[in-house]
Amino acid sequence: MTAQINYADVEVGTELPAASFPVTRATLVRYAGASGDFNPIHWNEKFAKGVGLPDVIAHGMFTMAEAIRVVTDWVGDPGAVVEYGVRFTKPVVVPNDDEGALIEVTGKVAAKLEDNRVRVDLTAVSAGQKVLGMSRAVVTLA
């Protein structure tokens, strides 16, 4: 695959299409199985509350992976992401109901770099709280 977005067509301030990602307890159990991260704060409400959390929380790496989907969907090639980092600022709390939680992600081109690369800054919010800080990706465009 190659990036479907041309460097020449992108300006600083270009907004990526926003996306929302639902998260349920079932989502967390599936992610735990795939990742091997069975920490009970991600599936056991009694344990999570016992260690001071408001409820079960999503895996940080899961939240990070959902956020970068805004970039990979936009560019059309996951391999175009050459750098990605975040700071975890708040947990995504996932209640035990039919709705779960929602991670809402927006992105904007923050800088044009050399070699057809751009830096994209992401904002990820759940329940009105910013859940990732300093969320940035460097992407190689066509």
Looking only at heavy atoms, which two atoms of [X] and [Y] are closest? And how far apart?
X	Y	result
Thr140	Ala3	O-CB, 3.5 Å
Met1	Gly76	CE-O, 3.0 Å
Phe38	Gly33	CZ-CA, 3.6 Å
Ala101	Ser126	CB-OG, 4.2 Å
Val105	Ala124	CG2-CB, 4.2 Å
Pro54	Val93	CG-CG2, 3.6 Å

Do the side chain of [X] and the main chain of [Y] share a donor and acceptor less than 3.5 angstrom apart?
X	Y	result
Asn6	Ala8	no
Asp37	Asn39	yes
Thr14	Glu11	yes

Between atom [atom1] of [X] and atom [atom2] of [Y], what is the distance when rounded to the nearest 0.5 Å?
X	Y	atom1	atom2	value
Thr24	Leu102	OG1	CG	12.0 Å
Asn44	Asp55	CG	CG	10.5 Å
Thr63	Ile68	OG1	CD1	13.5 Å
Arg87	Met64	CZ	CE	12.5 Å
Met134	Thr89	CE	OG1	12.0 Å
Phe21	Phe62	CZ	CZ	9.0 Å

Run through the side-chain heavy atoms of Ile, Leu, Val, Met, Phe, Trp and Tyr, join any pair under 4.5 Å, and report what else lands in Val125's cluster.
none
Report yes or no: do [X] and [Y] belong to one cluster of Ile/Leu/Val/Met/Phe/Trp/Tyr joined by side chain heavy-atom distances under 4.5 Å?
X	Y	value
Ile103	Val70	yes
Tyr7	Ile5	yes
Met61	Val131	yes
Val120	Val12	no
Leu113	Val82	yes

Residues Arg25 and Glu45 bridged, charged N to O under 4.0 Å
yes
With the side chain counted from C-beta on, respond yes when Leu122 and Leu132 share a heavy-atom pair under 4.5 Å apart, and no when they do not.
no
Taking the side chain as every heavy atom from C-beta outward, state whether Leu141 and Val75 have any pair of such atoms under 4.5 Å apart.
yes
Taking ring-ring contact (aromatic ring centres under 6.0 Å, His included) as the cut-off, I'd like each qualifying pair that reaches into residues 73-127, sequence neighbours left out, listed once.
none
Apply side-chain contact (heavy atoms from CB on, under 4.5 Å) to Val94 and Leu28, showing your working.
CA-CA 9 Å; Val94 183; Leu28 299 182; 3.9 Å; yes
Students often mix this up, so state it plainly: with edges at 30° and 60°, are the rings of His59 and His42 parallel, tilted or perpendicular?
parallel
Pairs involving residues 105-116, ordered by first then second residue, that meet side-chain hydrogen bond (donor to acceptor under 3.5 Å, both in side chains) (sequence neighbours left out):
none
Evaluate the side-chain contact (heavy atoms from CB on, under 4.5 Å) criterion for residues Val138 and Val81: first the C-alpha distance (whole Å), next the side-chain angles of each, then the deciding distance (0.1 Å), finally the verdict.
CA-CA 6 Å; Val138 174; Val81 177; over 6 Å; no
